[in-house]
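Below is one structure; the comments refer to it alone.
The analysis underlying the following values was restricted to heavy atoms, covering all of them including side chains, and did not include hydrogens, waters or symmetry mates.
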Amino acid sequence: MAGGKQPKKWPPKGFPLVEGKHQLTDQWMVELPSQFARRIEEGSLVLWRPGLTIWLDAWGNDHRSSRTARLREIRSNVSERATDVEETAGPKLSRLTYRLRDTSPDGEVDSIYNFVFSDAGHLQMAIYFDDPADVPTAYAIAASVGLVGP
């Protein structure tokens with residue numbers, strides 16, 4: 001069940017549905033390829049559809065650390081079990097993305113972690129999926145994270 005309890009019927013009643021370009025915060029947006037339900041759980045934004053759950057947290061840069069320093073700090077805490085670790089840097093954003101097989105109360109779950117850094121802060125994203133066929137979709141969602149505006 002992709003990292004969390006999901007209703008048996010889709011779409012779930014009582015939750016807003018979002019798709020396409022979706023603004024997450026004043027700074028961050030994501031491109032969703034299909035409808036996802038939206039909720040806040042344990043202080044995190046959660047977007048989900050059957051078989052795919054995305055947990056998101058946005059952080060500021062109160063200490064005015066460089067993107068490189070913050071990426072290095074996050075990188076130092078990545079699990080030794082992580083695979084397909086990739087770091088990229090562009091003029092406005094830096095990214096750290098990797099795969100991990102997590103243990104959850106429901107058993108083992110596959111995931112892709114994505115950290116996107118701007119000068120003003122960073123977005124932390126964990127995408128849990130049930131079916132390996134969803135890996136390309138999960139990577140596309142991770143790669144679509146960007147800044148709001150020009």
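Checked against Leu56 for a side chain to side chain contact (heavy atoms under 4.5 Å, CB included), the options Ile127, Leu45, Val46 give a single hit: Leu45.
Counting only heavy atoms from C-beta outward, the side chains of Val85 and Arg75 approach each other to under 4.5 Å. Residues Ile112 and Arg99 form a side-chain contact, since some pair of their non-hydrogen atoms from C-beta on lies under 4.5 Å apart. At a threshold of 4.5 Å between non-hydrogen side-chain atoms, the residues Tyr98 and Ser79 do not count as touching. When side chains are defined from C-beta on, Arg67 counts as touching Asp119, because their heavy atoms get closer than 4.5 Å. Counting heavy atoms from C-beta outward, Glu87 and Phe115 have side chains that stay 4.5 Å or more apart. You'll find the side chain of Val30 reaches within 4.5 Å of the side chain of Ile141, heavy atoms only. Counting only heavy atoms from C-beta outward, the side chains of Phe36 and Leu17 never approach each other to under 4.5 Å. Put simply, the side chain of Leu24 reaches to within 4.5 Å of the side chain of His22, judged on heavy atoms.
Hydrophobic clustering keeps Trp59 apart from Ile74 (ILVMFWY residues linked when any side-chain heavy atoms are closer than 4.5 Å, directly or through intermediates).
Scanning both residues, Ala138 and Leu52, for their nearest heavy atoms gives CB-CD1, 4.5 Å. In plain terms, the two heavy atoms of Leu93 and Gly146 that are nearest each other are CD1-CA, 4.0 Å. For the residue pair Ala82 and Leu100, the shortest heavy atom distance occurs at N-CD1, 3.7 Å. Between Asn114 and Ala142, the closest heavy-atom pair is ND2-O, 3.0 Å.
For the atom pair CH2 (Trp48) and CZ (Arg38), the distance works out to 11.0 Å, reported to the nearest 0.5 Å. One distance of note links CZ of Arg72 with OG of Ser66; it measures 6.5 Å at 0.5 Å rounding. From Tyr139, atom OH reaches atom CD of Glu86 across 8.0 Å, with rounding to the nearest 0.5 Å. Taking CE from Met29 and NZ from Lys21, the interatomic distance works out to 5.5 Å, rounded to the nearest 0.5 Å.
Residue Glu73 places its CD atom among 12 or fewer non-hydrogen atoms of other residues, nucleotides or ligands, all under 6.0 Å distant.
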(request) Report the C-alpha distance between Val78 and Tyr113 in whole Å, list the side-chain angles of each, state the deciding distance to 0.1 Å, and finish with yes or no for side chain to side chain contact (heavy atoms under 4.5 Å, CB included). (result) CA-CA 10 Å; Val78 171; Tyr113 283 81; over 6 Å; no
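Of the possible donor and acceptor atoms, none in the side chain of Asp134 sits under 3.5 Å from a partner among the backbone N and O of Phe129. Asp57 places no side-chain N or O within 3.5 Å of a backbone atom of Gln124 that could act as its donor or acceptor partner. Between the side chain of Arg70 and the backbone N or O of Gly121, at least one donor-acceptor pair lies under 3.5 Å. The main-chain N or O of Val145 is found under 3.5 Å from a side-chain atom of Arg95 such that the two form a donor-acceptor pair. Checking side-chain atoms of Thr53 against main-chain N and O of Tyr128 turns up no donor-acceptor pair under 3.5 Å.
By the 6.0 Å and 45° rule, Arg49 does not stack over the aromatic ring of Trp10.
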